[in-house]
Every structure is written in C-alpha cells, then in structure tokens.
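Reckoned from all heavy atoms, side chains included, excluding hydrogens, waters and symmetry mates.
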Amino acid sequence: MRDYLLTLCVTAAVTYLLTGPVRKFAIATGAMPEIRARDVHREPTPRLGGIAMFFGLCTGLLVADHLQNLSSVFELSNEPRALLSGAALIWLIGVLDDKFELDALIKLGAQMISAGVMVAQGLTILWLPIPGVGVVSLTPGQGTLLTVALVVVTINAVNFVDGLDGLAAGMVCIAAAAFFLYAYRLWYGYTIEAAAPATLFTAILMGMCLGFLPHNMHPARIFMGDSGSMLIGLILAASAISITGQVDPDALKIFEGSTREATHAALPVFIPLVLPLTIIAIPMADLILAIVRRTWKGQSPFAADRGHLHHRLLEIGHSHSRAVLIMYFWSALIAFGTLAYSVHSASMWIVLGITVLSAIGLVLLLLPRFTPRAPRWAQAVVPPRYRRRKPAPVAEGVGADLTEERVPVPAGLHGATAIGNRERFTDRRKAGTPS
C-alpha cells in the first residue's frame with residue numbers, strides 16, 4: 001500500500017505542477033474555444049488540460065517501474081505497456097480535437113483503434129464469470145469485440161459528463177477509488193497477482209484526477225478537454241478489462257463444489273467483475289439517456305444538446321457547485337455501495353445504509369422545488385436562503401415600491417455562474433434613487 005500511495009502522490013504532484021504551464025501554453029496557442037450554446041461557463045477558458053494528465057500518467061508508470069514491490073507488474077505482465085500505447089494514441093487525438101475540433105466519427109474511429117492497440121498487446125477480456133453458468137471462455141474475436149465495446153462506451157460516458165467544472169475528474173476519481181479498493185483486496189487479500197495491474201492503473205488514475213481538480217474546480221481556470229476526458233475514460237476501462245478478463249474466478253476458492261455452484265454462490269463477490277460499469281453508473285445512465293433522447297428527436301447520437309443530467313440539475317434550481325456535489329454523492333453511493341455489498345452481502349446494515357443514503361440523495365435532488373423556512377430559534381445556524389426575511393424599513397420620502405420584501409430569485413439555469421447579472425434579488429433601485 002505504501003508504494004501505491006507513493007505512486008499516487010507523485011502522479012498527483014506532477015499533474016498539479018504541470019497544469020499551470022499547460023494553461024499558459026493553451027492560451028498562447030489559442031486553444032480557447034468560443035462559448036457554445038450548451039456551455040455554462042461565462043468566459044472562454046483554455047483546454048488541453050489532458051496534456052498535464054498524460055504526463056502525470058507517464059510519471060506514475062515510470063515511478064512504479066522503479067519501486068521494488070511494483071516492478072514485478074511490468075515484468076510479469078505487458079498490460080502497463082499496452083495501456084500506455086493506447087493512452088498515447090487517444091491522448092494525441094484528444095489534443096488535436098481540443099485545438100481543431102475534429103469530427104465525431106474521427107474520434108470514434110480513434111477510440112476503436114486505441115482499444116485495438118491494447119488488445120494486440122494482451123490487454124483484453126479472456127473469460128467472463130457468469131452467475132449460474134460458470135466461467136465462460138471467449139474466442140479471440142469475441143474478446144476483441146467486447147473489449148473494444150467496453151472501451152468506447154466508457155470513454156464516451158466520461159466525455160458526456162464533462163460539462164461542469166470538476167465534474168468528470170471528481171466522478172472518475174470516486175470510481176477509481178472504489179475500483180482500487182476492490183482490486184487491492186483481490187491482489188493483497190487473495191494473493192491474485194493478475195489483479196496487480198488494475199490496482200496500479202486505478203492508483204495512477206486517482207493521482208491524475210486529484211492533481212488536476214484544484215485547477216478545474218468552480219470557477220475552473222482550465223478544462224481537461226477531450227484530451228483529458230478520453231484519456232481518463234480509457235484508463236478506467238483498462239482497469240475494468242484487466243479485472244474482468246484476467247482474474248480467474250476459480251483462483252478465489254471461496255466456495256467448494258463445481259465451478260457453476262461456486263460462481264453462483266459467490267455472486268456478491270463477482271458483482272464488480274461481472275458488472276464493472278456499475279462503477280460509472282451515472283455517466284452510463286447519462287450516455288444512454290442522451291442517445292435515446294437524440295434518436296427520438298431524429299438527431300444524430302453525437303449531436304450536442306443541453307439535456308444531460310448536470311444540465312437538468314441546473315434547470316431545476318441547483319447552483320453549479322451543488323449540482324457537482326450531488327453528482328459526486330450519487331457516484332460514491334453506487335460505487336462504494338456495490339463494493340460494500342460485494343464484501344458483506346449478508347449484512348442488512350449495508351442494505352439499510354444504502355437505502356437511507358438514497359433517500360437523502362432524493363431529498364437533495366428535489367431541494368430547489370421547495371424552500372423551507374427554518375424556525376426562528378434556528379435562524380443563526382442555517383444558510384441565508386432558509387432564513388425568514390424581514391421587510392425592508394420604510395424610509396421617509398421613498399416610494400412605496402421600496403417597501404416590498406425583496407424576494408430571492410431562484411438559482412436559475414446556470415446557478416451562481418449565470419450569464420448576465422449576478423444580482424440575487426428581483427427589485428433593483430435605479431440610479432439616483434436614495435438609499
């Protein structure tokens with residue numbers, strides 16, 4: 001664990017330190033696209049943040065290769081080299097897209113080629129543990145198709161949620177943390193060496209996201225762009241492929257009996273193996289809904305719109321920061337809830353805790369629909385928006401229009417970063433009006 005933490009910290013430090021110079025480089029090269037109709041930021045912001053994240057990835061792999069306890073990953077497996085090859089290709093395409101706005105089909109082809117490069121070097125799905133059936137071996141063609149599909153879906157799922165400051169990096173970091181704990185449990189708890197590459201990938205991925213987040217939180221100074229979103233999506237997919245396709249479920253030896261009985265009995269343990277996309281359930285739901293919505297309207301699935309989940313949170317009244325935190329909350333609940341259930345499936349406390357947290361999450365989602373007023377004894381400890389407002393005093397010589405209570409305007413479509421005035425109240429004194 002110490003070596004993994006060291007790799008994570010070095011990756012985070014390199015990513016953080018390089019993001020500032022990369023921002024200046026993006027501004028100098030003009031990688032600052034104009035604000036589009038679906039954007040929520042107010043000013044043109046440089047992209048190309050993926051450059052710093054890619055060099056953080058390279059540094060993390062280099063450091064791990066020189067650590068005594070992690071160097072065996074590079075000696076016994078070709079997966080780190082496969083990951084770096086695919087990541088370099090998808091990162092290069094992302095950089096070109098951030099600068100020149102490539103066509104969606106070109107990016108889709110590049111994603112498939114990147115996945116093919118990893119498959120050619122051994123990072124592919126070899127078998128699947130299916131409950132009630134057992135371990136199903138895949139042919140090379142089936143494994144390639146499934147691997148490419150998983151990579152493309154994961155990359156686009158992460159790319160679709162990259163719409164608010166800090167959203168994609170934070171959600172991927174949460175998913176990587178859950179995946180890291182599960183992979184480390186397999187590697188250290190069950191001494192399964194095949195889980196070591198996925199453990200390393202997720203540790204580096206956490207470092208990349210943590211190093212970039214300070215620059216990307218609202219208000220963001222730089223965006224990761226497609227060079228960053230496609231990169232972290234590919235690494236997350238590679239981690240899922242490594243766990244799903246390389247770890248033999250029979251190596252766990254938790255239950256006695258036939259393979260079918262063992263697989264069926266160990267269903268909670270195999271949940272992250274059989275359904276690795278539960279880790280990114282929120283981005284996946286956003287991706288599926290976007291495809292259905294655009295196809296229903298007769299549009300291309302790649303056409304941009306303002307119907308994503310984070311846009312809907314802003315529309316119902318959540319501020320920018322609160323919308324991001326709510327997405328964090330649901331991602332963590334699903335990822336770590338699945339992880340906890342896979343470890344202790346018989347515990348009712350885990351199910352009860354997930355249920356209670358889900359109810360809390362629903363309340364947070366619907367919070368802007370009503371604005372409850374706190375009792376008078378709690379006025380000093382609640383946020384200002386929940387306090388009872390007193391009517392403004394009537395000043396002598398001032399018209400009656402100033403005696404009305406100033407009613408706060410809802411956060412609106414863009415929350416605190418709305419395009420236009422930042423005023424929070426409907427009534428505004430005109431110039432020259434006595435105060």
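Screening residues 171-181 for salt bridge (Lys or Arg N to Asp or Glu O under 4.0 Å) gives no qualifying pairs among residues at least two apart or on separate chains. Residue pairs meeting the ring-ring contact (aromatic ring centres under 6.0 Å, His included) criterion with at least one partner in residues 81-122, sequence neighbours excluded, are Phe54-Trp91.
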*Can Phe179 and Thr199 be said to form a side chain to side chain contact (heavy atoms under 4.5 Å, CB included), step by step?*
CA-CA 8 Å; Phe179 238 136; Thr199 311; over 6 Å; no

*Check step by step if side chain to side chain contact (heavy atoms under 4.5 Å, CB included) holds for Arg221 and Arg23.*
CA-CA 8 Å; Arg221 300 177 64 248; Arg23 179 178 182 271; 3.6 Å; yes

_Asp165 vs Asn216, side chain to side chain donor-acceptor pair (under 3.5 Å): CA-CA, chis, key distance, verdict_ = CA-CA 6 Å; Asp165 298 349; Asn216 190 233; 5.2 Å; no

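Residues Trp187 and Glu193 share a closest heavy-atom pair of NE1-OE1, 3.3 Å. Nearest heavy atoms, Asn159 versus Ser229: OD1-OG, 3.1 Å. Shown here for Ala237 and Val151, the closest heavy-atom pair between the two residues is CB-CA, 3.9 Å. Between Gly60 and Thr7, the shortest heavy-atom distance links the atoms O-CG2, 3.5 Å. Taking both residues in full, the closest heavy atoms of Met53 and Leu231 are given as C-CD2, 4.0 Å, listed atom of the first, atom of the second, then distance.
With no hydrogens or angles considered, no side-chain donor-acceptor pair links Asp65 and Ser71 at under 3.5 Å. In this model, a donor atom of one side chain and an acceptor atom of the other lie less than 3.5 Å apart for Asn156 and Gln111.
Here Phe336 pairs with Ile174, Ala177, Ala178, Leu181, Ala332, Leu339 under the side chain to side chain contact (heavy atoms under 4.5 Å, CB included) rule; sequence neighbours left out. The ring-ring contact (aromatic ring centres under 6.0 Å, His included) search around Phe180 returns Tyr4, Tyr184, not counting sequence neighbours. Checked against side chain to side chain contact (heavy atoms under 4.5 Å, CB included), Val119 has the following partners two or more places apart in sequence or in another chain: Thr124, Thr144, Thr147. Partners of Lys107 under the salt bridge (Lys or Arg N to Asp or Glu O under 4.0 Å) rule, at least two apart in sequence or in another chain, are Asp97, Asp226.
Note on Glu101 versus Arg47: salt bridge recorded, some NZ/NE/NH1/NH2 to OD/OE distance being below 4.0 Å.
Between Leu234 and Thr154 there is no side-chain heavy-atom pair separated by less than 4.5 Å. In this structure the side chain of Gln121 reaches within 4.5 angstrom of the side chain of Val117, judged on heavy atoms.
The side-chain contact (heavy atoms from CB on, under 4.5 Å) test with Met224 singles out one residue from Val158, Thr19, Ile232, and that residue is Ile232.
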